Participant: 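Pasting a structure here, questions to come.
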Amino acid sequence: MKIQMITISKPLISEEEKMAVLKVLDSGHIVQGPVTQELEKMFAKECNVKHAVAVTNGTAALHIALHSAGIVPGDEVITTPFTFAATANSILMCGAKPVFCDIEPETFNIDPKQIEKKITKKTKAIIPVDLYGHPHDYSKIYQLAKKHNIIIIEDAAQAVGAMIEDKKAGSFGDAACFSLYATKNIMSGEGGIVTTNNDDIAEKAKRFRNHGQGDRYDYLELGYNYRTNDICAAIGVEQLKKLEMFTTKRIMHARHYDESLKHIKGLILPTTKKGIRHVFHQYTIRVTKDFSFSRDELKDLLKSEGIICGIYYPKPLHLQPSFSIYKYKEGDFPESEKAAKEVLSLPVHPGLSSKDIDVVIHAIDKISKIRK
Ligand SMILES: *Cc1c(COP(=O)(O)O)cnc(C)c1O
């Protein structure tokens with residue numbers, strides 16, 4: 001008998017996406033055309049911001065946002081080492097220096113209490129990451145940014161639809177970046193969006209994505225080819241229409257896990273801070289030493305039951321060879337290092353049924369009762 005796998009992510013493509021793509025293919029207008037514009041308009045509305053600029057992917061969005069906000073070689077940009085590499089790579093792409101700051105254990109994001117001591121004369125920006133779909137607490141960062149004249153670039157790649165009170169992710173910084181990569185909460189195959197309320201940043205972003213052109217063939221500065229195309233944008237438009245449905249399902253699955261796993265010894269379940277709408281890009285638990293197996297053993301045992309879990313992220317960025325020139329070492333960011341050893345993301349995507357979630361819960365429960 002073939003085992004039915006429960007995967008960690010799955011793009012949900014149906015008739016609407018397929019029809020929309022065919023329509024673009026028949027239209028003869030493939031690159032950065034009317035559908036891209038439609039996606040931008042919808043995205044700006046979704047985040048309640050003035051501008052959305054559609055680009056190739058989330059990494060490009062970060063590069064563009066930093067560049068357009070004026071980050072240049074020699075600048076320092078503060079961010080978390082406990083994130084996807086793209087967050088910090090975008091800083092390197094601008095020739096600037098990533099300055100890491102440890103995370104707070106509850107939300108896995110930069111600890112606002114530790115940021116100020118990382119600020120120097122060279123600090124130009126902070127990139128908070130709304131990790132796993134839980135928006136960062138921006139109130140403290142706003143104060144610091146104002147006091148030290150620092151720009152905030154929100155990495156909202158995992159947080160589309162998330163909220164703090166009545167404000168949407170994508171509206172918390174001077175600019176924000178989204179990814180529409182295939183595994184994200186909504187996707188377009190590959191894709192990215194820069195959102196901002198700042199007219200100047202929006203104009204520079206549009207220029208930078210297309211070879212630095214002002215008017216056609218007027219090259220005002222170095223730019224890249226970071227354009228998107230209407231084939232991907234068409235998928236994005238249809239996905240955005242389903243965002244609320246997808247998000248509601250993720251939150252429902254998360255509640256289901258919360259209720260059923262809270263009694264299991266040695267597991268720490270995700271926290272949602274007051275006033276926050278967590279959109280559960282990942283439902284990430286900590287497997288502590290009080291659990292009957294190590295995190296990696298639990299992952300393997302679940303895999304043997306056909307349940308695929310993820311580890312985001314197994315090694316913090318400050319310990320990666322690509323950042324070794326900055327001479328960070330083990331022990332520099334203890335909370336990030338501890339999280340990297342403990343985190344396990346359980347399947348929570350909207351393609352799963354509540355029965356699938358029960359399968360995961362029962363498997364974890366069973367494993368927790370095995371005597372080694
Ligand atoms: C996915 C992701 C990115 C990069 O997006 P791509 O579209 O893959 O380039 C950046 N930051 C975070 C936190 C992400 O999860």
Side-chain angles (χ1 to χ4, degrees), residues 8-11 36 39 43 52-67 77-94 98 100-101 103 107-110 125-136 152-162 169-170 172-173 175-195 205 208-209 224-229 231-233 235-236 239-240 250 278-284 310-318 320 322-323 336 339-340 343 345 348-349:
I8 185 73
S9 72
K10 183 182 172 194
T36 300
L39 178 65
F43 225 94
V53 181
V55 299
T56 321
N57 54 55
T59 310
L62 282 160
H63 184 195
I64 292 169
L66 286 171
H67 170 85
V77 178
I78 298 172
T79 194
T80 158
F82 194 63
T83 179
F84 183 57
T87 313
N89 282 344
S90 67
I91 302 168
L92 299 181
M93 288 174 191
C94 291
F100 293 121
C101 175
I103 57 169
T107 61
F108 300 98
N109 213 332
I110 311 185
I126 304 180
I127 312 180
V129 182
D130 302 330
L131 200 71
Y132 305 144
H134 187 299
H136 193 272
I152 303 170
I153 305 290
E154 177 189 1
D155 184 344
Q158 303 186 356
V160 61
F172 300 132
C177 303
F178 290 94
S179 165
L180 297 175
Y181 179 61
T183 62
K184 299 283 152 82
N185 285 24
I186 56 169
M187 62 103 217
S188 65
E190 296 267 16
I193 309 274
V194 179
T195 54
F208 195 60
R209 98 177 138 179
Y224 289 71
N225 174 1
Y226 278 158
R227 293 184 303 261
T228 186
N229 64 71
I231 305 167
C232 290
I235 301 173
Q239 291 266 302
L240 195 48
R250 283 181 183 271
H278 189 332
V279 294
F280 294 100
H281 173 59
Q282 301 297 346
Y283 184 92
T284 302
I311 296 173
Y312 311 107
Y313 298 89
K315 193 178 191 183
L317 298 181
H318 68 284
Q320 299 283 357
S322 67
F323 295 95
S336 300
V343 290
S345 298
V348 73
H349 63 82

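The structure displayed is predicted, hence computed values, not measured ones. All ligand and atom numbering here is 1-based and tracks the order in the structure.
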Participant: Between Phe43 and Val160, is a side chain to side chain contact (heavy atoms under 4.5 Å, CB included) present by the stated rule, with each step listed?
Facilitator: CA-CA 10 Å; Phe43 225 94; Val160 61; 4.0 Å; yes
Participant: Who are the side chain to side chain donor-acceptor pair (under 3.5 Å) partners of Thr284, not counting sequence neighbours?
Facilitator: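 Testing Thr284 for side chain to side chain donor-acceptor pair (under 3.5 Å), a comparison that skips the adjacent residues, returns Ser345.
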Participant: Only one of Cys232, Pro11, Ser179 clears side-chain contact (heavy atoms from CB on, under 4.5 Å) with Met187; which?
Facilitator: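 Looking at Cys232, Pro11, Ser179, the match for Met187 under the side-chain contact (heavy atoms from CB on, under 4.5 Å) is Pro11.
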Participant: Could you tell me whether the side chain of Thr36 and the main chain of Ala233 form a donor-acceptor pair under 3.5 Å?
Facilitator: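 Not a single qualifying donor-acceptor pair exists.
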Participant: Heavy-atom distance under 4.5 Å between the side chains of Cys101 and Ile126, does that happen here?
Facilitator: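 A side-chain contact is absent here, since even the closest heavy-atom pair is not under 4.5 Å.
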Participant: Could you pull out every protein residue that has a heavy atom closer than 4.0 Å to ligand 1, ordered by chain and then number?
Facilitator: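 Only Asn57, Gly58, Thr59, Leu62, Thr83, Phe84, Ala86, Thr87, Val129, Asp155, Ala157, Gln158, Ser179, Tyr181, Lys184, Gly191 have heavy atoms that fall under 4.0 Å of ligand 1, ordered by chain and number.
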Participant: Quick one: do the Tyr226 and His63 side chains pair a donor with an acceptor below 3.5 Å?
Facilitator: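 A pair is found: one side chain offers a donor N or O, the other an acceptor, under 3.5 Å apart.
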